[in-house]
Engineer: 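One structure coming up, written as C-alpha coordinates, with questions to follow.
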Protein chains: 2
Amino acid sequence: MNVKSTLREYLRRRGLKVTHQREEIAEIFLDSPHHLSAEELYQQIRESHPQVGLSTVYRTLNLLVQAGLASRREFGDGIARYEPVAENKHHDHFICVRCGAIIEFANQKIEELQSEVAQQNNFTVLRHKLELYGYCEKCRRRR
Amino acid sequence: MNVKSTLREYLRRRGLKVTHQREEIAEIFLDSPHHLSAEELYQQIRESHPQVGLSTVYRTLNLLVQAGLASRREFGDGIARYEPVAENKHHDHFICVRCGAIIEFANQKIEELQSEVAQQNNFTVLRHKLELYGYCEKCRRRR
DNA sequence: CTTTATGCAAAAGGTTTGCAACAGT
DNA sequence: ACTGTTGCAAACCTTTTGCATAAAG
(Lines give C-alpha, C1' and ligand atoms only; values in the text may rest on other atoms or scores of the structure.)
Protein backbone atom coordinates (compact mmCIF):
# COMPACT_ATOMS: atom_id res chain seq x y z
CA MET A 1 0.00 0.00 0.00
CA ASN A 2 2.88 2.30 0.72
CA VAL A 3 4.57 1.12 -2.42
CA LYS A 4 1.37 1.62 -4.33
CA SER A 5 1.02 5.25 -3.33
CA THR A 6 4.71 5.94 -3.83
CA LEU A 7 4.44 4.42 -7.28
CA ARG A 8 1.42 6.59 -8.03
CA GLU A 9 3.34 9.69 -7.07
CA TYR A 10 6.32 8.61 -9.11
CA LEU A 11 4.15 8.10 -12.16
CA ARG A 12 2.30 11.39 -11.81
CA ARG A 13 5.49 13.32 -11.33
CA ARG A 14 6.66 12.22 -14.75
CA GLY A 15 3.41 12.32 -16.63
CA LEU A 16 3.07 8.54 -16.70
CA LYS A 17 -0.21 6.81 -16.20
CA VAL A 18 -1.63 4.96 -13.26
CA THR A 19 -3.11 1.84 -14.84
CA HIS A 20 -4.92 -1.11 -13.37
CA GLN A 21 -2.11 -3.39 -14.39
CA ARG A 22 0.52 -1.33 -12.64
CA GLU A 23 -1.53 -1.12 -9.49
CA GLU A 24 -2.25 -4.81 -9.50
CA ILE A 25 1.32 -5.78 -10.12
CA ALA A 26 2.55 -3.46 -7.39
CA GLU A 27 0.03 -4.92 -4.97
CA ILE A 28 0.85 -8.54 -5.65
CA PHE A 29 4.53 -7.69 -5.58
CA LEU A 30 4.07 -6.43 -2.04
CA ASP A 31 2.01 -9.29 -0.71
CA SER A 32 4.28 -12.00 -2.03
CA PRO A 33 7.19 -13.76 -0.49
CA HIS A 34 10.42 -12.08 -1.38
CA HIS A 35 12.67 -12.94 -4.31
CA LEU A 36 9.95 -13.29 -6.89
CA SER A 37 10.89 -13.84 -10.49
CA ALA A 38 8.97 -12.13 -13.27
CA GLU A 39 7.49 -15.44 -14.30
CA GLU A 40 6.32 -16.23 -10.76
CA LEU A 41 4.74 -12.83 -10.42
CA TYR A 42 3.09 -13.35 -13.78
CA GLN A 43 1.58 -16.65 -12.64
CA GLN A 44 0.24 -15.02 -9.50
CA ILE A 45 -1.27 -12.15 -11.44
CA ARG A 46 -2.99 -14.36 -13.90
CA GLU A 47 -4.95 -16.14 -11.20
CA SER A 48 -6.92 -12.99 -10.61
CA HIS A 49 -6.26 -11.10 -13.85
CA PRO A 50 -5.78 -13.57 -16.68
CA GLN A 51 -5.57 -10.91 -19.34
CA VAL A 52 -2.35 -9.32 -18.07
CA GLY A 53 0.65 -9.97 -20.28
CA LEU A 54 4.10 -11.05 -19.26
CA SER A 55 5.63 -8.03 -20.97
CA THR A 56 3.63 -5.76 -18.72
CA VAL A 57 4.97 -7.58 -15.71
CA TYR A 58 8.51 -7.03 -16.96
CA ARG A 59 7.82 -3.41 -17.81
CA THR A 60 6.28 -2.73 -14.44
CA LEU A 61 9.09 -4.44 -12.57
CA ASN A 62 11.58 -2.28 -14.42
CA LEU A 63 9.50 0.71 -13.51
CA LEU A 64 9.53 -0.28 -9.85
CA VAL A 65 13.28 -0.67 -9.98
CA GLN A 66 13.69 2.75 -11.59
CA ALA A 67 11.42 4.24 -8.99
CA GLY A 68 13.64 2.76 -6.32
CA LEU A 69 10.82 0.60 -4.97
CA ALA A 70 12.19 -2.75 -6.02
CA SER A 71 15.63 -4.17 -6.38
CA ARG A 72 16.69 -6.73 -8.90
CA ARG A 73 18.95 -9.56 -7.92
CA GLU A 74 20.59 -12.45 -9.66
CA PHE A 75 21.53 -15.48 -7.64
CA GLY A 76 23.38 -17.32 -10.34
CA ASP A 77 20.71 -19.40 -12.06
CA GLY A 78 20.13 -16.90 -14.85
CA ILE A 79 16.75 -15.79 -13.53
CA ALA A 80 16.38 -12.32 -12.10
CA ARG A 81 14.46 -11.96 -8.85
CA TYR A 82 12.87 -8.84 -7.54
CA GLU A 83 12.23 -7.76 -4.01
CA PRO A 84 10.68 -4.71 -2.39
CA VAL A 85 13.12 -2.15 -1.12
CA ALA A 86 12.30 -1.97 2.56
CA GLU A 87 13.29 1.49 3.73
CA ASN A 88 15.04 0.75 6.99
CA LYS A 89 15.25 -2.97 6.88
CA HIS A 90 18.28 -3.88 4.85
CA HIS A 91 18.97 -7.56 4.78
CA ASP A 92 21.28 -9.97 3.05
CA HIS A 93 20.92 -13.48 1.76
CA PHE A 94 22.04 -16.94 2.53
CA ILE A 95 21.69 -19.39 -0.37
CA CYS A 96 21.77 -23.11 0.33
CA VAL A 97 23.81 -24.84 -2.35
CA ARG A 98 22.05 -28.12 -1.68
CA CYS A 99 18.33 -27.35 -1.50
CA GLY A 100 18.39 -23.90 -3.09
CA ALA A 101 16.65 -22.21 -0.18
CA ILE A 102 17.12 -18.46 -0.01
CA ILE A 103 17.11 -17.21 3.55
CA GLU A 104 17.31 -13.60 4.65
CA PHE A 105 19.32 -12.36 7.53
CA ALA A 106 20.33 -9.02 8.91
CA ASN A 107 23.51 -8.03 10.66
CA GLN A 108 24.33 -4.64 12.05
CA LYS A 109 28.07 -5.05 11.70
CA ILE A 110 27.76 -5.14 7.95
CA GLU A 111 26.97 -1.44 7.91
CA GLU A 112 30.08 -0.64 9.91
CA LEU A 113 32.20 -2.82 7.71
CA GLN A 114 30.82 -1.18 4.63
CA SER A 115 31.72 2.37 5.60
CA GLU A 116 35.10 1.25 6.82
CA VAL A 117 35.96 -0.37 3.51
CA ALA A 118 34.57 2.62 1.64
CA GLN A 119 36.84 5.00 3.54
CA GLN A 120 39.88 2.83 2.94
CA ASN A 121 39.29 2.79 -0.78
CA ASN A 122 37.83 6.22 -1.45
CA PHE A 123 34.47 4.91 -2.57
CA THR A 124 31.09 6.37 -1.97
CA VAL A 125 28.91 3.39 -1.22
CA LEU A 126 25.25 3.60 -2.10
CA ARG A 127 24.24 0.04 -1.43
CA HIS A 128 25.67 -3.41 -1.07
CA LYS A 129 24.88 -7.03 -1.56
CA LEU A 130 26.20 -9.76 0.65
CA GLU A 131 25.49 -13.35 -0.21
CA LEU A 132 26.60 -16.36 1.77
CA TYR A 133 26.60 -19.73 0.04
CA GLY A 134 26.65 -22.98 1.93
CA TYR A 135 24.43 -25.47 3.73
CA CYS A 136 21.29 -24.49 5.59
CA GLU A 137 20.39 -26.00 8.94
CA LYS A 138 18.42 -28.90 7.46
CA CYS A 139 20.90 -29.73 4.73
CA ARG A 140 23.99 -29.62 6.89
CA ARG A 141 22.50 -32.46 8.96
CA ARG A 142 21.51 -34.59 6.00
CA ARG A 143 24.73 -34.14 4.17
CA MET B 1 50.54 -22.10 -15.55
CA ASN B 2 49.38 -23.46 -12.26
CA VAL B 3 45.84 -23.46 -13.50
CA LYS B 4 46.93 -25.12 -16.69
CA SER B 5 48.58 -28.02 -14.93
CA THR B 6 45.76 -28.37 -12.43
CA LEU B 7 43.34 -28.46 -15.33
CA ARG B 8 45.41 -31.11 -17.05
CA GLU B 9 45.34 -33.26 -13.95
CA TYR B 10 41.63 -32.74 -13.55
CA LEU B 11 41.03 -33.82 -17.13
CA ARG B 12 43.24 -36.88 -16.95
CA ARG B 13 41.70 -38.01 -13.71
CA ARG B 14 38.32 -38.28 -15.40
CA GLY B 15 39.37 -39.59 -18.78
CA LEU B 16 38.81 -36.26 -20.52
CA LYS B 17 41.12 -34.92 -23.15
CA VAL B 18 43.75 -32.23 -22.98
CA THR B 19 43.15 -30.29 -26.16
CA HIS B 20 44.84 -27.26 -27.64
CA GLN B 21 41.68 -25.23 -27.21
CA ARG B 22 41.38 -26.03 -23.54
CA GLU B 23 44.99 -25.17 -22.91
CA GLU B 24 44.74 -21.93 -24.86
CA ILE B 25 41.59 -20.84 -23.13
CA ALA B 26 43.02 -21.64 -19.72
CA GLU B 27 46.15 -19.67 -20.55
CA ILE B 28 44.35 -16.58 -21.78
CA PHE B 29 41.97 -16.81 -18.87
CA LEU B 30 44.95 -16.55 -16.56
CA ASP B 31 46.71 -13.70 -18.26
CA SER B 32 43.67 -11.51 -18.56
CA PRO B 33 42.28 -8.88 -16.30
CA HIS B 34 39.71 -10.36 -13.98
CA HIS B 35 35.96 -10.47 -14.53
CA LEU B 36 36.07 -11.60 -18.13
CA SER B 37 32.87 -12.49 -19.88
CA ALA B 38 32.71 -15.44 -22.25
CA GLU B 39 32.39 -13.07 -25.19
CA GLU B 40 35.44 -11.04 -24.12
CA LEU B 41 37.49 -14.16 -23.69
CA TYR B 42 36.31 -15.33 -27.09
CA GLN B 43 37.47 -12.09 -28.71
CA GLN B 44 40.87 -12.43 -27.07
CA ILE B 45 41.24 -16.01 -28.18
CA ARG B 46 40.36 -15.27 -31.73
CA GLU B 47 43.19 -12.80 -32.11
CA SER B 48 45.67 -15.64 -31.89
CA HIS B 49 43.41 -18.60 -32.69
CA PRO B 50 40.66 -17.52 -35.05
CA GLN B 51 39.30 -21.01 -35.50
CA VAL B 52 38.17 -21.46 -31.91
CA GLY B 53 34.41 -21.41 -31.46
CA LEU B 54 32.41 -19.55 -28.88
CA SER B 55 30.79 -22.78 -27.71
CA THR B 56 34.19 -24.16 -26.83
CA VAL B 57 34.87 -21.09 -24.75
CA TYR B 58 31.63 -21.63 -22.87
CA ARG B 59 32.26 -25.32 -22.47
CA THR B 60 35.78 -24.73 -21.20
CA LEU B 61 34.69 -22.05 -18.78
CA ASN B 62 32.11 -24.43 -17.37
CA LEU B 63 34.82 -27.00 -17.08
CA LEU B 64 37.05 -24.59 -15.20
CA VAL B 65 34.22 -23.79 -12.84
CA GLN B 66 33.53 -27.48 -12.22
CA ALA B 67 37.20 -28.07 -11.62
CA GLY B 68 37.11 -25.31 -9.02
CA LEU B 69 39.60 -23.20 -10.96
CA ALA B 70 37.24 -20.42 -11.95
CA SER B 71 34.26 -18.80 -10.34
CA ARG B 72 31.30 -17.41 -12.16
CA ARG B 73 29.78 -14.13 -11.10
CA GLU B 74 26.87 -12.02 -12.20
CA PHE B 75 26.91 -8.34 -11.50
CA GLY B 76 23.37 -7.58 -12.54
CA ASP B 77 23.67 -6.86 -16.24
CA GLY B 78 22.73 -10.37 -17.33
CA ILE B 79 26.24 -11.25 -18.48
CA ALA B 80 28.22 -13.80 -16.51
CA ARG B 81 31.86 -13.01 -15.71
CA TYR B 82 34.50 -15.48 -14.78
CA GLU B 83 37.53 -15.07 -12.63
CA PRO B 84 40.33 -17.36 -11.53
CA VAL B 85 39.97 -18.81 -8.06
CA ALA B 86 43.02 -17.56 -6.24
CA GLU B 87 43.69 -20.06 -3.48
CA ASN B 88 44.35 -17.81 -0.52
CA LYS B 89 43.42 -14.46 -1.87
CA HIS B 90 39.72 -13.97 -1.41
CA HIS B 91 38.52 -10.58 -2.48
CA ASP B 92 35.28 -8.74 -2.99
CA HIS B 93 34.07 -6.19 -5.49
CA PHE B 94 33.16 -2.59 -5.69
CA ILE B 95 31.08 -1.67 -8.74
CA CYS B 96 30.83 1.96 -9.81
CA VAL B 97 27.26 2.73 -10.81
CA ARG B 98 28.39 5.66 -12.93
CA CYS B 99 31.34 4.40 -15.00
CA GLY B 100 30.83 0.66 -14.49
CA ALA B 101 34.33 0.06 -13.17
CA ILE B 102 34.76 -3.12 -11.18
CA ILE B 103 37.37 -2.75 -8.48
CA GLU B 104 38.58 -5.47 -6.18
CA PHE B 105 39.25 -5.07 -2.53
CA ALA B 106 40.01 -7.31 0.38
CA ASN B 107 39.04 -6.92 3.99
CA GLN B 108 39.94 -9.26 6.80
CA LYS B 109 36.91 -8.40 8.90
CA ILE B 110 34.64 -9.93 6.33
CA GLU B 111 35.81 -13.37 7.30
CA GLU B 112 35.04 -12.75 10.96
CA LEU B 113 31.67 -11.33 10.11
CA GLN B 114 30.90 -14.29 7.96
CA SER B 115 31.50 -16.93 10.61
CA GLU B 116 29.66 -14.85 13.15
CA VAL B 117 26.57 -14.62 11.03
CA ALA B 118 26.83 -18.30 10.16
CA GLN B 119 26.86 -19.26 13.82
CA GLN B 120 23.90 -17.06 14.62
CA ASN B 121 21.83 -18.65 11.90
CA ASN B 122 23.03 -22.24 11.94
CA PHE B 123 24.49 -22.10 8.46
CA THR B 124 27.58 -23.75 7.18
CA VAL B 125 29.16 -21.16 4.96
CA LEU B 126 31.26 -22.36 2.05
CA ARG B 127 31.84 -19.07 0.30
CA HIS B 128 30.45 -15.58 0.06
CA LYS B 129 30.07 -12.66 -2.26
CA LEU B 130 30.13 -9.08 -1.12
CA GLU B 131 29.46 -6.35 -3.61
CA LEU B 132 29.46 -2.65 -2.89
CA TYR B 133 27.72 -0.37 -5.36
CA GLY B 134 28.40 3.35 -5.50
CA TYR B 135 30.76 5.94 -6.92
CA CYS B 136 34.44 5.31 -7.45
CA GLU B 137 37.05 7.90 -6.62
CA LYS B 138 36.97 9.56 -10.04
CA CYS B 139 33.23 9.57 -10.40
CA ARG B 140 32.44 10.88 -6.96
CA ARG B 141 34.41 14.04 -7.84
CA ARG B 142 32.77 14.56 -11.22
CA ARG B 143 29.32 13.91 -9.96
C1' DC C 1 40.65 -47.71 -33.28
C1' DT C 2 37.78 -45.82 -29.71
C1' DT C 3 36.19 -42.08 -27.31
C1' DT C 4 35.84 -37.44 -26.44
C1' DA C 5 36.00 -32.54 -28.30
C1' DT C 6 35.22 -29.17 -31.67
C1' DG C 7 32.73 -25.85 -34.68
C1' DC C 8 28.85 -24.66 -36.67
C1' DA C 9 24.19 -23.64 -36.71
C1' DA C 10 20.12 -24.18 -34.47
C1' DA C 11 17.59 -24.21 -30.06
C1' DA C 12 16.68 -22.63 -25.49
C1' DG C 13 15.40 -19.58 -21.98
C1' DG C 14 14.87 -15.11 -20.02
C1' DT C 15 13.97 -10.40 -21.24
C1' DT C 16 12.91 -6.58 -24.45
C1' DT C 17 10.63 -4.31 -28.27
C1' DG C 18 7.48 -2.94 -32.45
C1' DC C 19 3.05 -2.17 -33.36
C1' DA C 20 -1.92 -1.64 -33.62
C1' DA C 21 -5.59 -1.46 -30.41
C1' DC C 22 -6.78 0.49 -25.98
C1' DA C 23 -7.11 3.21 -21.64
C1' DG C 24 -5.86 7.18 -18.61
C1' DT C 25 -5.79 12.13 -18.11
C1' DA D 1 -8.39 14.43 -28.15
C1' DC D 2 -3.90 13.42 -26.83
C1' DT D 3 -0.40 10.68 -24.97
C1' DG D 4 1.18 6.82 -22.81
C1' DT D 5 0.16 1.67 -22.11
C1' DT D 6 -1.09 -2.92 -23.11
C1' DG D 7 -0.89 -7.63 -25.20
C1' DC D 8 0.76 -10.22 -28.56
C1' DA D 9 4.26 -12.00 -31.32
C1' DA D 10 8.56 -11.43 -32.92
C1' DA D 11 13.21 -10.05 -31.84
C1' DC D 12 17.14 -10.13 -28.89
C1' DC D 13 21.01 -11.78 -26.25
C1' DT D 14 23.46 -14.92 -23.68
C1' DT D 15 24.17 -19.65 -23.05
C1' DT D 16 23.43 -24.53 -24.33
C1' DT D 17 22.92 -28.43 -27.41
C1' DG D 18 22.76 -31.78 -31.62
C1' DC D 19 25.41 -33.49 -34.96
C1' DA D 20 28.91 -34.59 -38.28
C1' DT D 21 33.82 -34.03 -38.45
C1' DA D 22 38.28 -33.89 -36.22
C1' DA D 23 41.60 -34.76 -32.73
C1' DA D 24 43.36 -37.15 -28.48
C1' DG D 25 44.65 -41.28 -26.10
Side-chain angles (χ1 to χ4, degrees), chain A residues 4-5 7-29 35-67 70-82, chain B residues 4 7-29 35-46 48-67 70-82:
Chain A
K4 267 176 80 175
S5 54
L7 177 60
R8 250 178 249 143
E9 254 186 69
Y10 177 87
L11 293 173
R12 295 217 173 96
R13 213 177 299 127
R14 10 202 113 198
L16 305 176
K17 288 169 185 175
V18 179
T19 62
H20 290 147
Q21 288 92 329
R22 285 176 176 166
E23 298 248 290
E24 278 307 326
I25 290 168
E27 178 143 22
I28 294 203
F29 179 61
H35 322 118
L36 224 53
S37 67
E39 184 63 34
E40 286 164 349
L41 185 35
Y42 175 57
Q43 294 306 335
Q44 291 233 12
I45 284 267
R46 40 179 34 211
E47 286 175 21
S48 45
H49 301 75
Q51 81 295 350
V52 174
L54 180 55
S55 359
T56 302
V57 172
Y58 274 106
R59 285 191 273 231
T60 305
L61 283 171
N62 288 340
L63 206 56
L64 289 168
V65 171
Q66 283 158 35
S71 75
R72 173 188 170 138
R73 327 235 354 185
E74 301 180 51
F75 293 114
D77 58 359
I79 302 171
R81 321 266 165 151
Y82 298 81
Chain B
K4 268 176 79 174
L7 177 61
R8 248 178 251 143
E9 254 185 70
Y10 177 88
L11 293 172
R12 294 217 174 96
R13 214 176 298 127
R14 12 202 111 198
L16 304 176
K17 287 169 184 173
V18 179
T19 62
H20 290 148
Q21 288 92 327
R22 284 176 177 168
E23 298 248 288
E24 279 306 326
I25 290 169
E27 177 143 21
I28 294 204
F29 179 61
H35 321 119
L36 224 54
S37 68
E39 184 63 35
E40 286 165 348
L41 185 36
Y42 175 57
Q43 294 306 335
Q44 292 232 13
I45 284 267
R46 42 180 32 211
S48 46
H49 302 76
Q51 80 295 349
V52 174
L54 180 55
S55 359
T56 302
V57 172
Y58 274 106
R59 284 189 274 231
T60 306
L61 283 171
N62 288 340
L63 207 55
L64 289 169
V65 170
Q66 283 158 36
S71 75
R72 173 187 170 136
R73 327 237 353 185
E74 301 180 51
F75 292 115
D77 59 358
I79 301 170
R81 323 262 164 154
Y82 298 82

Engineer: Could you tell me whether the side chains of A:E39 and A:Q43 share a donor-acceptor contact shorter than 3.5 Å?
Structural biologist: yes
Engineer: Can you tell me which nucleotide in D:dT15, C:dG7, D:dT6 comes closest to the side chain of B:Q21?
Structural biologist: C:dG7
Engineer: Using the test side-chain hydrogen bond (donor to acceptor under 3.5 Å, both in side chains), find all partners of A:S37 that sit at least two apart in sequence or belong to another chain.
Structural biologist: A:E40
Engineer: Measure from CG on B:N62 to C1' on D:dT16 and round the result to the nearest Å.
Structural biologist: 9 Å
Engineer: With axes from five pairs an end, tell me the bend angle of the helix from C:dC1-D:dG25 to C:dT25-D:dA1, nearest 10°.
Structural biologist: 30°
Engineer: Mind calculating the distance between CD (A:E74) and C1' (D:dC13) to the nearest angstrom?
Structural biologist: 13 Å
Engineer: Can you see if the side chain of A:Y58 gets near the phosphate of C:dT16 - specifically, an N or O under 4.0 Å from OP1 or OP2?
Structural biologist: no
Engineer: Is any side-chain heavy atom of A:Y82 closer than 4.5 Å to a side-chain heavy atom of A:H35?
Structural biologist: no
Engineer: Could you tell me how far apart A:R22 (CZ) and C:dT25 (P) are, to the nearest whole angstrom?
Structural biologist: 10 Å
Engineer: Applying the side chain to side chain contact (heavy atoms under 4.5 Å, CB included) criterion to B:F29, which one of B:L7, B:L64, B:I45 satisfies it?
Structural biologist: B:L64
Engineer: With sequence neighbours excluded, what pairs up with A:R81 under the side-chain hydrogen bond (donor to acceptor under 3.5 Å, both in side chains) test?
Structural biologist: A:D77
Engineer: Atom CZ of B:R81 to atom C1' of D:dT14: distance rounded to whole Å?
Structural biologist: 12 Å
Engineer: Would you say the side chain of B:L63 lies within less than 4.5 Å of the side chain of B:L11, judging by non-hydrogen atoms?
Structural biologist: yes
Engineer: Whole Å only: how far is the NE2 atom of A:H49 from the P atom of D:dT5?
Structural biologist: 19 Å
Engineer: Rounding to a whole Å, what distance do you find between A:L11:CG and D:dG4:P?
Structural biologist: 13 Å
Engineer: Show each protein N/O and nucleotides 20-24 of chain D N/O combination with a separation under 3.5 Å, one pair to a line.
Structural biologist:
{"from": "D:dA24", "atom 1": "N3", "to": "B:K17", "atom 2": "NZ", "distance (Å)": "3.1"}

Engineer: Could you give the CG-to-P distance, from B:D77 to D:dC13, as a whole number of Å?
Structural biologist: 14 Å
Engineer: With respect to B:V52, which candidate in B:R46, B:H20, B:Q21 satisfies the side chain to side chain contact (heavy atoms under 4.5 Å, CB included) definition?
Structural biologist: B:Q21
Engineer: Taking the minimum atom-to-atom distance to the side chain of A:R72, which one of D:dT16, C:dT15, D:dG4 wins?
Structural biologist: C:dT15
Engineer: Sort me out a list of protein N/O and nucleotides 8-10 of chain C N/O pairs below 3.5 Å, or just none if empty.
Structural biologist:
{"from": "C:dC8", "atom 1": "N4", "to": "B:S55", "atom 2": "OG", "distance (Å)": "3.3"}

Engineer: In whole angstroms, how far is the P atom of C:dA5 from the CD1 atom of B:I25?
Structural biologist: 13 Å
Engineer: Among residues two or more places apart or on two chains, list those pairs meeting salt bridge (charged side-chain N to carboxylate O under 4.0 Å, His left out) that have a residue in residues 16-27 of chain A.
Structural biologist: A:K4-A:E27, A:R8-A:E23
